[in-house]
There are 2 protein chains.
Amino acid sequence: MNPSPWQPLSPEKPARPARTPLNRERIVDAAMRILLDQGYEAVSMRKVAQSLETGPASLYAHVANKRELDQLLVDRAAADIELPVADPARWQEQLKDMLRSTLEVMRANPGVARAAIGQVPLGERALDSTEAMLAILKAGRVPDQAAAWAIDMLHLYVTAVAFEESVQGASGWTVDDVESFVAGMRHHFASLPADRYPFTVALAGALTAGALGDERFEFGLQVMISGLAAMVPPEER
Amino acid sequence: MNPSPWQPLSPEKPARPARTPLNRERIVDAAMRILLDQGYEAVSMRKVAQSLETGPASLYAHVANKRELDQLLVDRAAADIELPVADPARWQEQLKDMLRSTLEVMRANPGVARAAIGQVPLGERALDSTEAMLAILKAGRVPDQAAAWAIDMLHLYVTAVAFEESVQGASGWTVDDVESFVAGMRHHFASLPADRYPFTVALAGALTAGALGDERFEFGLQVMISGLAAMVPPEER
DNA sequence: CTACAATTCGAACGGTGTTCGTGAACGAAC
DNA sequence: GTTCGTTCACGAACACCGTTCGAATTGTAG
């Protein structure tokens, strides 16, 4: 019945029961390692447990469910976002910098975007980021309600961009892979029937431009922040 | 061995082998019905097959995989988006209308957002929508590259908003449920340590406002489109 | 040393997407 | 009219998934 009956010699290490106690941190560590190595799809309760040399049931004493683990991963990554000290004279550039940093973090931890999308980030680190953004927006005299909704909008945008990137180049795409994918898409647009899709055909090049670098993202930042700046009461700027 | 051995009488209908031929359309129909009735989570190859009185393997002759089925669902829904005829004088309002219509469609088909997020929509119907948006943007004299990237940005935003809504009220949330959820979140923000999170605490109300109606979405539209309008060369407006 | 609460974790439940190989159905060729 | 070849339906299985239950094991307070 007993699967590991007895080990009469060398009693120092009876196989495995050295029992390094499990805790949230070790679990998130292990999950993060899998996320970085193998992408988000690979982060399952089973794989995390396995990499800690235990069974999936053991995790549930420390983490409510997979969703909570996802949130913990997001918050761990959010710790790396650079938080400037609000400066009224540079608020627009500071906001852009924060969002660039957020995208960088999500790119560096591929899969975090997939865990973050569609969830209001409520972890400690994520709240630090929200607080810093609010400070910058208020330094720029953006009205309260506009600032609050702007946070939501900007967060949604960055996450969606990162998510899109992480879906397309699921894992291990080279620059050449991306280029040939984009070339294929451009060709697809360009060879549509021009009578039904005149603009799409004419703009096939523009529609597929900037898939690699940051131009597209920068464009979004520029549009949103200039739109936001237009909401600052005129007498305050 | 044979589970349905023989039916000696009434040879007209031997149980089921009447063999209404399977095809893409019938599969998408069935999937759409499940999506509307039971939400996106319920759309599995097995359930779709079951509702067609067959096994999951049968679907793979007509649909490459679940991802492709998701795309087909998205395109089916995209057919309902209202497409205006571009009018230079009203381009901003027309663009907003299209995006409102898109959000409406995604709300009416809860779960479509989950299938659409992170995928460039390439179906026939989705392309009609892209073409119409391009027409409106060009009617508004938005430069080519800006128009192309704007499409991407706006699509990302609408989908992300719809996705967020579909995740939070997973299914069957009443207005009261949403309100108490929002109240809880507002309380959470408001009771954070005010020395570390001064802005978050002060703006707790604003941060949680507009979760129910369209104000938040309208805000995003307003910001993005006014930011976009700023990119029209001054001499052309 | 005992009792109790917390933690660990094997086993199982009920799902998932996808593949394989059998076999039936059907149009074309002889 | 019979055979052939191709297409398509589909039962069974594979390898997973998140989560729960209950028994065993531990650390700690009394």
Side-chain angles (χ1 to χ4, degrees), chain A residues 1-7 11 13-28 30-31 34-35 38-73 111 114-115 119 167 170, chain B residues 1-7 11-27 30-31 34-35 38-73 111 114-115 167 170-171:
Chain A
M1 275 308 201
N2 198 333
S4 62
W6 187 242
Q7 290 190 302
K13 290 239 164 177
R16 177 54 43 192
R19 288 279 224 140
T20 26
L22 222 46
N23 58 37
R24 265 169 114 94
E25 202 188 318
R26 292 217 315 142
I27 292 175
V28 177
I34 297 177
L35 185 72
Q38 308 171 240
Y40 177 72
E41 325 294 39
V43 181
S44 69
M45 301 300 268
R46 290 176 136 84
K47 292 237 184 74
V48 172
Q50 193 183 350
S51 90
L52 292 167
E53 299 185 303
T54 181
S58 306
L59 307 182
Y60 284 84
H62 306 273
V63 161
N65 49 35
K66 176 91 200 310
R67 256 175 86 110
E68 185 173 305
L69 180 56
D70 281 354
Q71 295 248 30
L72 291 174
L73 284 173
R114 235 177 289 202
Q119 317 226 359
V167 165
Chain B
M1 276 307 201
N2 197 332
S4 63
W6 188 241
Q7 290 191 299
E12 304 102 312
K13 289 240 165 175
R16 177 53 45 190
R19 287 276 226 144
T20 26
L22 222 46
N23 57 39
R24 266 169 113 92
E25 200 188 319
R26 292 215 323 146
I27 292 175
I34 296 176
L35 185 73
Q38 306 170 242
Y40 178 72
E41 324 294 40
V43 181
S44 70
M45 300 299 268
R46 291 176 136 81
K47 293 237 184 74
V48 172
Q50 194 181 354
S51 91
L52 292 167
E53 298 186 304
T54 180
S58 306
L59 307 182
Y60 284 85
H62 308 272
V63 162
N65 49 35
K66 177 93 201 306
R67 256 175 86 111
E68 186 173 305
L69 179 56
D70 282 353
Q71 295 248 29
L72 292 174
L73 284 174
R114 235 176 288 202
V167 165
S171 63

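Remember, it's a predicted structure, so these values are computed and weren't measured experimentally. Note on naming: letters A, B, ... go to the chains in the order of the sequence lines (proteins, then strands), and numbering restarts at 1 for each one.
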Rounded to the nearest angstrom, tell me the gap between atom [atom1] in [X] and atom [atom2] in [N].
{"X": "B/Tyr60", "N": "D/dA9", "atom1": "OH", "atom2": "P", "result": "15 Å"}
{"X": "B/Glu68", "N": "C/dG17", "atom1": "CD", "atom2": "P", "result": "15 Å"}
{"X": "B/Ile27", "N": "C/dT18", "atom1": "CD1", "atom2": "C1'", "result": "15 Å"}
{"X": "B/Asp70", "N": "C/dT18", "atom1": "CG", "atom2": "P", "result": "10 Å"}
{"X": "B/Leu59", "N": "C/dT19", "atom1": "CG", "atom2": "C1'", "result": "14 Å"}
{"X": "A/Gln50", "N": "D/dG18", "atom1": "CD", "atom2": "P", "result": "12 Å"}
{"X": "B/Glu53", "N": "D/dA9", "atom1": "CD", "atom2": "C1'", "result": "14 Å"}
{"X": "B/Lys66", "N": "D/dC17", "atom1": "NZ", "atom2": "P", "result": "17 Å"}

>> Can you see if the side chain of B/Lys47 gets near the phosphate of C/dT16 - specifically, an N or O under 4.0 Å from OP1 or OP2?
In response: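 Indeed, a polar side-chain atom of B/Lys47 lies that close.
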
>> Is the phosphate of C/dC9 approached by A/Thr54 (side-chain N or O, under 4.0 Å from OP1 or OP2)?
In response: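 Checking A/Thr54 against C/dC9: at least one side-chain N or O falls below 4.0 Å of OP1 or OP2.
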
> Does B/Leu59 reach the side chain of B/Leu69, with side-chain heavy atoms less than 4.5 Å apart?
Replying inline: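 No, side chains not in contact.
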
> Has the side chain of B/Arg24 got a donor or acceptor atom that lies under 3.5 Å from a matching backbone atom of B/His62?
Replying inline: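 Yes.
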
>> Looking at every heavy atom in both A/Tyr40 and A/Ala115, which two are closest together, and how far apart are they?
In response: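 Minimum heavy-atom contact is CE1-CB, 3.9 Å.
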
From the set [options], return the single nucleotide nearest to any side-chain atom of [X].
{"X": "A/His62", "options": "C/dT8, D/dA9, D/dC17", "answer": "C/dT8"}
{"X": "A/Asn65", "options": "D/dT19, D/dA9, C/dG17", "answer": "D/dT19"}
{"X": "A/Leu22", "options": "D/dT20, C/dT8, C/dG17", "answer": "C/dT8"}

> Got more than 12 heavy atoms from elsewhere within 6.0 Å of CD, A/Glu68?
Replying inline: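 More than 12 heavy atoms, drawn from other residues, nucleotides or ligands, come within 6.0 Å of this atom.
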
> Contact class for B/Ser58 vs. all strands (heavy atom < 4.0 Å): base, sugar-phosphate, or nothing?
Replying inline: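 Here B/Ser58 touches the bases of the nucleic acid.
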
> Just checking A/Ser44: base, sugar-phosphate only, or nothing, at a heavy-atom cut-off of under 4.0 Å?
Replying inline: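 Sugar-phosphate, backbone atoms only, no base.
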
>> Regarding C/dG17, can its base be found pairing with the side chain of B/Arg46 as donor and acceptor, where the two atoms are less than 3.5 Å apart?
In response: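 In this structure, the two groups form a donor-acceptor pair.
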
>> If you assign A/Ala57 and A/Glu41 each to the DNA chain D nucleotide with the nearest heavy atom, which residue ends up on the more 5' nucleotide?
In response: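 The residue mapped nearer the 5' terminus is A/Glu41.
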
> Step by step, would you call B/Asn65 with B/Met45 a side-chain contact (heavy atoms from CB on, under 4.5 Å)?
Replying inline: CA-CA 9 Å; B/Asn65 49 35; B/Met45 300 299 268; 5.9 Å; no

